[in-house]
Amino acid sequence: MLSIVYSSRAASDLGQADLRELLTRSRSNNERDGLTGMLLYRSGYFLQVLEGPDAGVRRRLTVIEADERHDDVKVLIDETIEERLFPEWTMAFDAVPSDSADQVPGLRTTFDDLAAAHRSSETLGAVRALVAWYRRRF
């Protein structure tokens, strides 16, 4: 099984209706393809965990990279896993409000600094802290 964590920038501003449509479609596609994960959206940036069968996760990432709603897609973690972090969620979601951002470990406006880091441990630590915080909320 494969887990990929990526960040991207929204190509345009997304309102609540846009996010609801994106989630509805994503959840349906993920259920069909046997994928699970979570999606965070804040200040025009996405952070997503996709997990499931290797081929399905890679196909979904290819679709996301070609999606005109996403700019600057960066894979932060690409690893084989034994069990899913979000087994019951076809797409858990949260839009993190700016006023609570300082309470979220590893949360950034972007992960540009980590994507450019020379040591993957810098990226892994921040992303794993954020994903762990998110899992505890659900």
Exercise for the section: Not counting sequence neighbours, list each pair that qualifies as a salt bridge (charged side-chain N to carboxylate O under 4.0 Å, His left out) and has a residue in residues 31-40. Expected result: Asp33-Arg60
Problem - side chain to side chain contact (heavy atoms under 4.5 Å, CB included) partner of Val5, chosen from Asp78, Leu85, Leu47, Val75 - result: Leu47
Fill in the blank from the handout: What one should report as the nearest heavy-atom pair of Met38 and Phe86 is CG-CZ, 3.5 Å
Problem - Nearest non-hydrogen partners of Met1 and Pro53, listed with the distance - result: CG-N, 4.3 Å
Exercise for the section: Could you please spell out the steps behind the side chain to side chain contact (heavy atoms under 4.5 Å, CB included) verdict for Arg58 and Ile4? Expected result: CA-CA 9 Å; Arg58 296 220 184 270; Ile4 287 182; 3.7 Å; yes
Handout entry: Leu22 and Leu39: CA distance, side-chain angles, deciding distance, side chain to side chain contact (heavy atoms under 4.5 Å, CB included) verdict
Key = CA-CA 11 Å; Leu22 175 73; Leu39 177 67; 4.2 Å; yes
Drop me the distance from [X]'s [atom1] to [Y]'s [atom2], to the nearest 0.5 angstrom.
| X | Y | atom1 | atom2 | answer |
| --- | --- | --- | --- | --- |
| Asn29 | Leu35 | CG | CG | 9.0 Å |
| Ser3 | Ile77 | OG | CD1 | 7.0 Å |
| Leu50 | Ser26 | CG | OG | 8.5 Å |
| Leu40 | Ser7 | CG | OG | 11.5 Å |
| Tyr6 | Asp72 | OH | CG | 12.5 Å |
| Tyr41 | Leu14 | OH | CG | 4.0 Å |

Can you tell me if [X] uses its side chain to pair, donor with acceptor, with the backbone of [Y] under 3.5 Å?
| X | Y | answer |
| --- | --- | --- |
| Asn30 | Arg27 | no |
| Glu65 | Val73 | no |
| Thr24 | Arg20 | yes |

Handout entry: Heavy atoms of other groups near Arg69 CZ, more than 12 under 6.0 Å
Key = yes
Practice task
Take the angle between the ring planes of Phe46 and His70 and call it parallel below 30°, perpendicular above 60°, tilted in between.
Solution key: tilted
